[in-house]
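What follows is a set of notes on a single structure, which appears directly below.
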Protein chains: 2
Amino acid sequence: MSTERRSYRREPEERRREALIAAAIELMAEGGPQAATVRAIAERAGTTPGLIRHYFQSKDDLTRAAYAAMMNRMTAESEQATREARDPVEALAAFVATSLRPPVMDGERVRLWAGFLHHVRRDPAMRDVHEATYLGYRDRLQAMIASLPGNEAAEVARPLAIACNAVIDGLWLEGGTLPASFAEGEVERIGLSAVSAILGIALPALPPMPARED
Amino acid sequence: MSTERRSYRREPEERRREALIAAAIELMAEGGPQAATVRAIAERAGTTPGLIRHYFQSKDDLTRAAYAAMMNRMTAESEQATREARDPVEALAAFVATSLRPPVMDGERVRLWAGFLHHVRRDPAMRDVHEATYLGYRDRLQAMIASLPGNEAAEVARPLAIACNAVIDGLWLEGGTLPASFAEGEVERIGLSAVSAILGIALPALPPMPARED
DNA sequence: ACCCTCATTGCACAATCGTATAATTGGCTG
DNA sequence: CAGCCAATTATACGATTGTGCAATGAGGGT
């Protein structure tokens with residue numbers, strides 16, 4: 001007579017936490033902060049709302065964890081891009097190119113990042129993650145630039161790194177939110193030539209690239 | 001015995017609409033989309049929630065109007081910046097400089113803009129406003145660039161305009177969200193030199209600038 | 001000076017939010 | 001195989017959300 005309880009599997013804590021975090025990120029990317037409700041997150045993760053409070057002290061706590069996970073993933077992806085390169089110029093080109101093509105340059109990612117902005121402002125822990133991630137990006141960019149002849153001094157490398165980072169971020173933003181306004185590979189090409197102009201060096205053309213016939 | 005009704009003034013329709021739109025923008029800038037509830041908006045505008053539905057068919061309708069108002073204001077501000085300039089190089093410098101200092105470069109503005117991103121995705125009308133505004137910015141930038149010697153062809157001016165626009169947007173984003181990471185006037189200086197490098201021309205130093213002692 | 005109209009208020013409503021907590025049941029332990 | 005503990009479900013609760021609608025009074029037209 002009474003509705004029967006749904007069956008379930010016990011999962012290790014880490015796996016559950018990751019599943020809930022992944023669900024929260026997905027929903028936030030698709031529909032913004034308002035779409036990432038505890039019920040929607042639980043359903044997406046294949047569980048029930050109550051479980052969220054078992055693994056996270058509050059929804060804000062889950063939001064914090066989701067933000068940190070997103071930032072860590074983005075950092076890891078861009079690090080991997082430069083890992084295969086041998087000389088700094090090649091690393092620079094790979095860094096720029098991978099930042100300006102999918103899956104990094106993507107509308108859902110831009111909106112996901114944007115959706116966190118107001119949380120970041122309020123939560124000190126999230127603000128620290130934000131600042132550390134941005135400065136981490138910039139410092140790695142600055143290190144690559146400083147290894148080029150004539151740019152050794154920090155007073156020279158710093159503004160160049162800020163400028164190059166801005167080019168990447170700006171193109172990432174526009175290419176992600178308005179993909180129809182650019183031709184295939186155009187954003188990436190413009191990014192490479194802009195960085196070349198700012199640094200006064202020649203950058204090798206895009207290393208790999210999925211094919212596409214015209 | 002019963003609580004007495006609050007007194008009120010009748011206002012012309014346009015003034016009421018503007019007041020409600022301004023209140024919605026303020027709240028959205030301060031606390032994100034979740035802070036801009038109908039009750040909070042009404043209170044900020046000095047009225048009551050019911051009145052919102054008298055001037056706007058729904059809250060989404062008010063959100064649409066607020067987005068259009070914000071974009072129009074930003075467009076108008078940047079247009080005014082280039083109006084005083086005589087030659088195109090000076091106009092370009094003014095365009096870059098005003099975009100990278102207050103009140104345009106401001107954390108609340110960046111967060112306000114970011115807060116609209118998910119609404120823009122869903123609402124076709126807002127998407128059109130977004131695209132038209134971005135392309136408007138870019139086209140005016142491209143027109144200024146095309147008036148420089150050697151950049152007359154659109155195939156040359158277009159990628160340069162996209163790159164310069166990206167520099168401005170990226171610096172606007174970073175300078176707005178992490179103001180403590182930059183020295184006074186640094187963002188503006190970097191923007192001008194980056195655009196100079198991309199276009200291969202010399203840009204005049206920042207026209208005016210509020211003083212500040214070290 | 002009165003009246004009529006509509007801008008404005010006040011309130012009620014269903015839906016949905018995050019949260020708290022009791023009831024169950026999966027799965028390791030002895 | 002029995003039993004216990006904690007991972008998980010289910011349900012309830014108060015607060016808040018956008019919205020619908022009737023009552024009201026401000027202020028211009030006559």
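None of these values were measured; they are calculated from a predicted model. Within every chain, numbering begins at 1; the chains are lettered A, B, ... in the order of the sequence lines, protein sequences first and strands thereafter.
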Residue from B:Glu186, B:Glu188, B:Glu184 passing salt bridge (Lys or Arg N to Asp or Glu O under 4.0 Å) with B:Arg101 | B:Glu188
When the nearest nucleotide of DNA chain D is assigned to A:Arg16 and to B:Pro49 on a heavy-atom basis, which residue is associated with the more 5' position?
-> A:Arg16
Could you state the [atom1]-[atom2] distance from [X] to [N], rounded to the nearest angstrom?
X	N	atom1	atom2	result
A:Leu62	C:dC17	CG	P	15 Å
A:Glu11	C:dG26	CD	C1'	12 Å
A:Gln57	C:dA20	CD	P	10 Å
A:Ile52	C:dC17	CD1	P	12 Å
A:Arg17	D:dA7	CZ	C1'	14 Å
B:Glu4	C:dC11	CD	C1'	17 Å
B:Phe56	C:dT8	CZ	P	12 Å
A:Arg5	D:dA7	CZ	C1'	11 Å

Could you walk me through whether A:Arg109 and A:Glu77 pass the salt bridge (Lys or Arg N to Asp or Glu O under 4.0 Å) test, one step at a time?
-> CA-CA 13 Å; A:Arg109 265 216 215 182; A:Glu77 281 175 355; 2.9 Å; yes
Does NZ or CZ of B:Arg138 come closer than 6.0 Å to the centre of the six-membered ring of A:Phe182, within 45° of the ring's axis?
-> yes
Atom pairs, protein N/O to nucleotides 26-28 of chain D N/O, distance under 3.5 Å:
{"unit_1": "D:dA26", "atom_1": "N3", "unit_2": "B:Arg10", "atom_2": "NH2", "d": "3.2"}

Kindly check if the number of other-residue, nucleotide or ligand heavy atoms within 6.0 Å of CD (B:Gln80) is above 12?
-> no
Mind running salt bridge (Lys or Arg N to Asp or Glu O under 4.0 Å) on A:Glu79 and A:Arg83 for me, showing each step along the way?
-> CA-CA 6 Å; A:Glu79 262 181 19; A:Arg83 200 177 298 278; 3.7 Å; yes
Judged by atom type as modelled, is there a donor-acceptor pair below 3.5 Å linking the side chain of A:Arg122 to the main-chain atoms of B:Gly31?
-> yes
Atom pairs, protein N/O to nucleotides 15-18 of chain D N/O, distance under 3.5 Å:
{"unit_1": "D:dG18", "atom_1": "OP1", "unit_2": "B:Lys59", "atom_2": "NZ", "d": "2.7"}
{"unit_1": "D:dG18", "atom_1": "OP2", "unit_2": "B:Val38", "atom_2": "N", "d": "2.9"}
{"unit_1": "D:dG18", "atom_1": "N7", "unit_2": "B:Arg39", "atom_2": "NH2", "d": "2.7"}
{"unit_1": "D:dG18", "atom_1": "O6", "unit_2": "B:Arg39", "atom_2": "NH2", "d": "2.7"}

Does A:Tyr55 have a side-chain nitrogen or oxygen under 4.0 Å from the phosphate oxygens OP1 or OP2 of D:dA7?
-> no
Any B:His54 side-chain N or O less than 4.0 Å from OP1/OP2 of C:dT8 | no
Kindly write out the residues that satisfy side-chain contact (heavy atoms from CB on, under 4.5 Å) with A:Ala29, not counting sequence neighbours, or none if the list is empty.
-> A:Glu108, A:Leu112
So, A:Ser78 versus A:Arg140: side-chain donor-acceptor pair below 3.5 Å or not?
-> yes
Side chain to side chain contact (heavy atoms under 4.5 Å, CB included) between A:Trp113 and A:Leu117: does it pass, once the steps are laid out?
-> CA-CA 7 Å; A:Trp113 181 87; A:Leu117 262 192; 4.1 Å; yes
